[in-house]
Amino acid sequence: MKIATFNINGIRARHQALTDWLDEADLDVVVLQEIKTVDETFPRDIIEDRGYNLETFGQKGFNGVAILSKLPLEDVRRGLPGDDEDLQSRWIEATVVGKTAVRVCGLYLPNGNPAPGPKYDYKLAWMERLAARAADLLAAEEPALMAGDYNVIPQPEDAARPDAWVKDALYLPETREAFRRILNLGYTEAFRAKTRAPGHYSFWDYQAGAWDRNDGIRIDHVLLSPQAADLMTDIHIESEVRGREKPSDHVPVVVELDA
DNA sequence: ATGGCTAAGTCGCTTAGA
């Protein structure tokens with residue numbers, strides 16, 4: 001089962017980039033972030049015409065997540081539990097049944113800048129709620145994964161210029177601690193299970209020629225429950241996508257499970 | 001401390017992103 005996460009940065013502005021990639025990548029499941037539209041104006045046809053089932057959790061203008069799957073999507077849930085007042089669309093999950101059933105969660109973790117401030121408080125509170133959901137998923141003792149734009153640079157080797165990020169919400173010690181707390185519940189960070197090498201990024205800013213200078217950061221992650229980690233056969237970052245026409249500022253991360 | 005770019009809504013600027 002090939003599962004990808006991709007922050008698309010506006011689904012309506014990214015028809016070509018998304019469909020070109022979908023047509024060549026041969027995926028079973030995709031979680032998308034920053035669709036930046038309500039469900040009513042999501043371009044369902046470009047997805048469904050390619051044989052995907054589709055579940056969206058949109059929002060006007062910002063945020064918004066979706067799950068695409070060639071297999072049926074079962075028991076779909078929208079919204080991260082733990083705060084009924086939270087109106088931002090940043091979490092969707094569903095079960096995909098291949099050889100094995102896999103609980104697939106797609107997430108768009110808050111950016112949190114500027115820090116300190118209310119946006120950073122929201123980020124940390126959201127990460128607390130994520131930890132609670134993550135613990136519940138582990139308790140099920142089944143293959144589960146949480147994939148998406150975490151807006152967390154876990155380690156210095158995950159940035160081309162770590163010094164430039166020391167006061168940023170993506171890299172503050174408290175952010176990285178909260179991310180580690182989730183990992184330490186018992187999750188495997190899929191990409192780091194494959195390699196400790198520096199220089200692998202998933203985001204390059206549109207500004208200042210960041211792509212041309214390879215001034216990137218790795219903030220799109222896949223976390224695996226132990227039962228899912230046992231099934232992982234490969235993972236890679238599709239950085240080449242960033243160099244195409246009218247790209248997202250993020251690139252897809254693709255994990256393969258024997259499931 | 002920055003804000004060189006991009007998307008979307010409020011539609012000629014502002015907000016948000018990271």
Side-chain angles (χ1 to χ4, degrees), chain A residues 5-21 31-43 46 56-66 86-91 106-124 126-127 130 147-176 178-179 199-221 237 239 241-253:
Chain A
T5 175
F6 191 7
N7 180 323
I8 197 65
N9 188 19
I11 186 85
R12 287 177 289 168
R14 216 70 65 201
H15 284 204
Q16 196 64 49
L18 179 63
T19 54
D20 286 352
W21 170 70
V31 293
L32 296 176
Q33 302 89 39
E34 285 207 271
I35 62 174
K36 294 188 176 181
T37 184
V38 292
D39 297 339
E40 291 72 22
T41 45
F42 189 104
I46 65 169
T56 61
F57 185 37
Q59 182 180 336
K60 187 175 176 181
F62 305 104
N63 306 325
V65 290
D86 185 1
L87 300 177
Q88 301 191 29
S89 298
R90 297 178 173 277
W91 177 272
L107 68 101
Y108 176 44
L109 204 150
N111 173 302
N113 280 304
K119 291 190 173 181
Y120 192 57
D121 294 342
Y122 174 67
K123 177 175 193 155
L124 293 177
W126 204 93
M127 293 181 85
L130 175 59
D149 177 358
Y150 279 73
N151 274 314
V152 174
I153 303 167
Q155 299 289 348
E157 58 267 32
D158 297 311
R161 295 184 304 122
D163 292 352
W165 297 93
V166 289
K167 292 186 174 165
D168 194 283
L170 279 63
Y171 190 59
L172 283 172
E174 211 173 346
T175 303
R176 297 166 59 199
F179 183 72
H200 293 282
Y201 311 127
S202 66
F203 168 91
W204 295 259
D205 202 296
Y206 289 122
Q207 302 182 66
W211 167 248
D212 294 326
R213 296 186 295 122
N214 195 25
D215 181 11
I217 52 178
R218 195 176 67 89
I219 56 175
D220 297 270
H221 307 301
I237 301 175
S239 30
V241 168
R242 184 63 178 78
R244 297 183 181 181
E245 199 73 24
K246 208 172 186 296
S248 171
D249 41 7
H250 295 249
V251 297
V253 179

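As a basis for the values below, the full set of heavy atoms in this structure was taken, side chains included, without hydrogen atoms, waters or symmetry mates. Numbered from 1 within each chain, the chains take letters A, B, ... in sequence-line order.
For residues 158-170 of chain A, the salt bridge (charged side-chain N to carboxylate O under 4.0 Å, His left out) pairs, not counting sequence neighbours, are A/Asp158-A/Arg192, A/Asp158-A/Arg218, A/Arg161-A/Asp215.
Between B/dA1 and B/dC13, the distance separating the two P atoms is 30 Å to the nearest Å. The gap from the C1' atom of B/dT2 to that of B/dG12 amounts to 25 Å, rounded to the nearest Å. For the P atom pair drawn from B/dA16 and B/dT10, the interatomic distance equals 13 Å after rounding to whole Å.
Put simply, CG on A/Asn63 is 17 Å from P on B/dT15, counting in whole angstrom units. A/Asp212 has its CG atom 17 Å from the P atom of B/dG4, to the nearest Å. Rounded to whole Å, the distance from OH on A/Tyr108 to C1' on B/dA16 is 8 Å. Distance CG (A/Leu109) to C1' (B/dA18): 13 Å, rounded to an integer number of Å. Atom C1' of nucleotide B/dA18 and atom CG of A/Asn7 are separated by 10 Å, given to the nearest angstrom. Atom C1' of nucleotide B/dA7 and atom CD1 of A/Ile8 are separated by 13 Å, given to the nearest angstrom. Going from atom CD of A/Gln88 over to atom C1' of B/dA16 covers 11 Å, rounded to whole Å. A/Asp158 has its CG atom 16 Å from the P atom of B/dA18, to the nearest Å.
When distances run from any side-chain atom of A/Ile217 to the nucleotides B/dA16, B/dA18, B/dG9, the shortest one goes to B/dA18. Checking B/dG9, B/dA18, B/dG17 against the side-chain heavy atoms of A/Leu170 singles out B/dA18 as nearest. Closest to the side chain of A/Asn151, out of B/dT6, B/dA8, B/dA18, is B/dA18. In the set B/dA1, B/dA7, B/dA18, the nucleotide with an atom closest to the side chain of A/Lys167 is B/dA1. Of the candidates B/dA7, B/dA16, B/dA18, the closest approach to any side-chain atom of A/Phe62 belongs to B/dA16.
In terms of phosphate contacts, A/Arg14 brings a side-chain nitrogen or oxygen within less than 4.0 Å of OP1 or OP2 of B/dA7. The side chain of A/Arg12 places an N or O atom within less than 4.0 Å of a non-bridging phosphate oxygen (OP1 or OP2) of B/dG9. Note on A/His250: a side-chain N or O is less than 4.0 Å away from OP1 or OP2 of B/dA18.
Relative ring orientation between A/His221 and A/Phe179 is described as tilted, the plane-to-plane angle lying within the 30° to 60° band. A perpendicular orientation is assigned to the rings of A/Trp204 and A/Trp211, their planes being inclined by more than 60° (bins at 30° and 60°).
Closest non-hydrogen pair, A/Arg90 versus A/Asn63, comes out as NH2-OD1, 3.3 Å. A/Tyr122 and A/Pro110 get closest at one heavy-atom pair: CE2-CG, 3.4 Å.
When heavy atoms are screened at a 4.0 angstrom cut-off, A/Asn111 is found touching base atoms of the nucleic acid. Contact annotation for A/Lys123: no contact, since no heavy-atom pair falls under 4.0 Å across all strands. Looking at heavy-atom distances under 4.0 Å, A/Asp149 makes contact with sugar-phosphate atoms alone, never a base.
Taking the nucleotide of DNA chain B with the nearest heavy atom to each of A/Gly209 and A/Gly61, the more 5' of the two is matched to A/Gly209. Position along DNA chain B of the nearest nucleotide to A/Ala208 versus A/Gly10 favours A/Ala208 as the more 5'-ward residue.
Interatomic distance, CD of A/Glu40 versus NZ of A/Lys60, reported as 11.5 Å (0.5 Å rounding). Interatomic distance, A/Phe42 CZ to A/Ile11 CD1, rounded to the nearest 0.5 Å: 4.0 Å.
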Worked check of side chain to side chain contact (heavy atoms under 4.5 Å, CB included) between A/Asn9 and A/Lys36: CA-CA 7 Å; A/Asn9 188 19; A/Lys36 294 188 176 181; 2.8 Å; yes
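Side-chain atoms of A/Asn9 stay outside donor-acceptor range of the base of B/dA7, with no qualifying N/O pair under 3.5 Å.
Using a 3.5 Å distance cut-off with no hydrogens or angles, the side chains of A/Asp220 and A/Thr5 do not pair a donor with an acceptor.
For DNA chain B, the neighbouring residues in residues 36-43 of chain A, judged by any heavy atom under 4.0 Å, are A/Lys36.
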